[in-house]
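A short worksheet on the structure shown next.
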Protein chains: 2
Amino acid sequence: MITEEKQISIIIVEDFKLTRVGLRCALNANPDLNVVAECENAVDGIKEIEKLQPDVVLMDLGLPVMNGIEAILKIREHSSDIKIIALTSHDREEEVVAALSSGANAYCLKDIDPNKLADVIRDVAQGVCWIDPVVANLALKSIPKSENISMLTHQAPEQARVPLTEREFEVLKHLVAGKSNTEIAKELIVSVHTAKAHVCSILQKMCVNDRVQAAVKAVKEGIV
Amino acid sequence: MITEEKQISIIIVEDFKLTRVGLRCALNANPDLNVVAECENAVDGIKEIEKLQPDVVLMDLGLPVMNGIEAILKIREHSSDIKIIALTSHDREEEVVAALSSGANAYCLKDIDPNKLADVIRDVAQGVCWIDPVVANLALKSIPKSENISMLTHQAPEQARVPLTEREFEVLKHLVAGKSNTEIAKELIVSVHTAKAHVCSILQKMCVNDRVQAAVKAVKEGIV
DNA sequence: GTTTCCATTAGACAATCGGGTAATGTTATA
DNA sequence: TATAACATTACCCGATTGTCTAATGGAAAC
């Protein structure tokens, strides 16, 4: 599952220069990791991230002016593909939950072993959610008990979901962005008829009645 | 942080014998891992776990009779130290959330690379929370937005968002549910004109162009 | 080589949507 | 009391949506 055919590009956002340099050195010692930029504040960080589209962002939470959580929210407004590792030196509960619910994929304490951090980066680049032992319980506790656990305790009927095609998936992303059929068509350089056909197909496959339901379902299930 | 001075004891709970044997072989190939018991059902599994007090439990979720989630709940009644890795072959959303909220520390799909699984076990034994890429988004999405995220993000001045009225909030909920203006009107026992007026107002206040964007924004910001 | 799946295009149609403007009654708050 | 904010209703109109049927070409699977 975890393949490492090409380098993982990384941007570090961290206010302490010493930590920044330390991270870069430690990570660049790994041939498959490539620190493409370092930023000392969130504003620069967001700019660089939009420009360079890295695979992974190491985001310090304790930044001045705009803090890490705000930065994560900002990043998530535009991109959901970039993986974000929240870095911090302490373990305040609210911060853990806030970071993860804001869109961070992982949560590390700064005293992590550099080699371990490299491993985590590789994992997270593949989409893994990784949470430091010190705060893992906090994060897990914040997951609400499913109100219908009993439903699961005796097998729920699997509802054979029909998979979307690649093209439909593209259309869905635009749909979730709130674009009209006309706009989607323009974006994909096809006729409006095509866009409509795809949307129609998406609605049927997702078992929903209209594009709003499709968008909401897509967001809730994280398929964006 | 991750030290491996002594062996990690493991109990496997899995109904398919072939998978069980496969897991044991793969794991025992690692000198630091030690499979101390295998069980083909949850009842035996719980007994063995209580008796042997392993470091880590590999718990299949798709067990017959008493399924994995029930088993996890049972285990957690007595012990919180034992680390539980939920194993499954599919990726049903409810199951992911249910497993984690029931007390699992990690969630793996069965198609994981055996060596990777060994790594995960080492991590989880240290308390790490590890969630497979395929379902990581689902898990993270289920973490509720901290209501006081604004406390951590000294924002607010920039946005100056107009607050929705109670009525508009009601309408928004129906909108997110994918209902049409007509349906919303029926639900709230008002005329379609009223529903439209509210929707129009919602769109303006939320600074979006159409109901899809409003719905997506509402879901993403957790105001549903 | 045939069949199946997918992407593409088209026309037509009823239903719905979103934006105007405007009016009325209620309820707070100043 | 007066002013503001909100909920409510109404009409019009252009744009958009979702569904239908139907056809074509390419690619993959059998």
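Any value given below was found using the heavy atoms of this structure, including those in side chains, with hydrogens, waters and symmetry copies removed. Please read these numbers as outputs of a predicted model, since none were measured by experiment.
Within the model, atoms CG of A/Leu33 and CG of A/Leu23 stand 11.5 Å from one another, a figure rounded to the nearest 0.5 Å. Taking NZ from B/Lys110 and CD from B/Glu14, the interatomic distance works out to 3.5 Å, rounded to the nearest 0.5 Å. Interatomic distance, B/Leu73 CG to B/Ser101 OG, rounded to the nearest 0.5 Å: 7.5 Å. Taken to the nearest 0.5 Å, the CG atom of B/Leu172 stands 11.0 Å off from the CD atom of B/Glu170. For the atom pair A/Ile46 CD1 and A/Glu48 CD, the distance stands at 11.5 Å (nearest 0.5 Å).
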Under 3.5 Å, which N/O atoms of the protein pair with N/O atoms of nucleotides 12-15 of chain D?
none

Between protein and nucleotides 4-7 of chain C, what N or O pairs are separated by less than 3.5 Å?
| from | atom 1 | to | atom 2 | distance (Å) |
| --- | --- | --- | --- | --- |
| C/dA7 | OP1 | A/Thr165 | OG1 | 2.8 |
| C/dA7 | OP1 | A/Arg167 | N | 3.4 |
| C/dA7 | OP2 | A/Thr165 | OG1 | 3.0 |

Check: protein-nucleotides 24-30 of chain D nitrogen or oxygen pairs below 3.5 Å:
none

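The interatomic distance linking B/Glu170 (CD) with D/dC6 (P) rounds to 15 Å, in whole Å. The CG atom of B/Asp210 sits 8 Å away from the P atom of D/dT17 (whole-angstrom rounding). Per the geometry, CG belonging to A/Leu175 stands 11 Å off C1' belonging to D/dT17, to the nearest Å. Regarding A/Arg211, its CZ atom lies at a distance of 14 Å from the C1' atom of C/dA15, rounded to whole Å. Going from atom CD of A/Gln213 over to atom P of D/dT17 covers 16 Å, rounded to whole Å. Regarding A/Ile184, its CD1 atom lies at a distance of 12 Å from the C1' atom of D/dT16, rounded to whole Å. Per the geometry, CD belonging to A/Glu183 stands 14 Å off C1' belonging to C/dG18, to the nearest Å. What separates CG of B/Asn209 from P of C/dG19 is a distance of 8 Å, to the nearest Å.
For the helix from C/dG1-D/dC30 to C/dA30-D/dT1, the axis fitted to the five pairs at one end and the axis fitted to the five pairs at the other end meet at an angle of 50° (nearest 10 degrees).
Residue B/Asn181 places its side chain closer to C/dG18 than to any other of D/dC20, D/dT9, C/dG18. Relative to the side chain of A/Thr182, the nucleotides C/dG19, D/dC20, D/dT16 differ in distance, and D/dT16 lies closest. Counting only heavy atoms from C-beta on, B/Ser191 has its side chain closest to D/dT9 among D/dG18, D/dT9, C/dT9.
By the 4.5 Å heavy-atom criterion applied to side chains, A/Ile85 and A/Met59 are not counted as neighbours. Between A/Ile131 and A/Leu100 the shortest side-chain heavy-atom distance falls below 4.5 Å. Taking 4.5 Å as the limit, every side-chain heavy atom of A/Leu58 sits out of range of all side-chain heavy atoms of A/Val13. Using a 4.5 Å cut-off on side-chain heavy atoms (C-beta onward), A/Ile121 and A/Leu27 make contact. Side-chain contact between B/Tyr107 and B/Leu87 is absent, with no heavy atoms from C-beta onward closer than 4.5 Å.
Checked options A/Arg167, A/Met206, A/Lys196, A/Glu168; the residue passing with A/Ser201 is A/Glu168 (criterion: side-chain contact (heavy atoms from CB on, under 4.5 Å)).
Contacts of A/Glu40 classified as salt bridge (Lys or Arg N to Asp or Glu O under 4.0 Å), with partners at least two apart in sequence or in another chain: none.
When only modelled atom types and interatomic distance are considered, A/Ser9 and A/Asp55 share a side-chain donor-acceptor pair under 3.5 Å. If you check the side chains of B/Trp130 and B/Asn105, you find no donor sitting under 3.5 Å from an acceptor.
Taking all atoms of both residues into account, the shortest heavy-atom contact from A/Ile49 to A/Ile82 is CG2-CD1, 3.6 Å.
In B/Lys186, the NZ atom is not crowded: 12 or fewer heavy atoms of neighbouring residues, nucleotides or ligands sit closer than 6.0 Å.
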Can A/Asp123 and B/Lys116 be said to form a salt bridge (charged side-chain N to carboxylate O under 4.0 Å, His left out), step by step? CA-CA 10 Å; A/Asp123 270 12; B/Lys116 186 68 211 167; 2.4 Å; yes
Counting primed atoms, P, OP1 and OP2 as sugar-phosphate and everything else as base, the B/S/- map of nucleotides 24-30 of chain C against protein heavy atoms under 4.0 Å is -------
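Using a 4.0 Å heavy-atom criterion, one finds that A/Val199 contacts the sugar-phosphate atoms exclusively.
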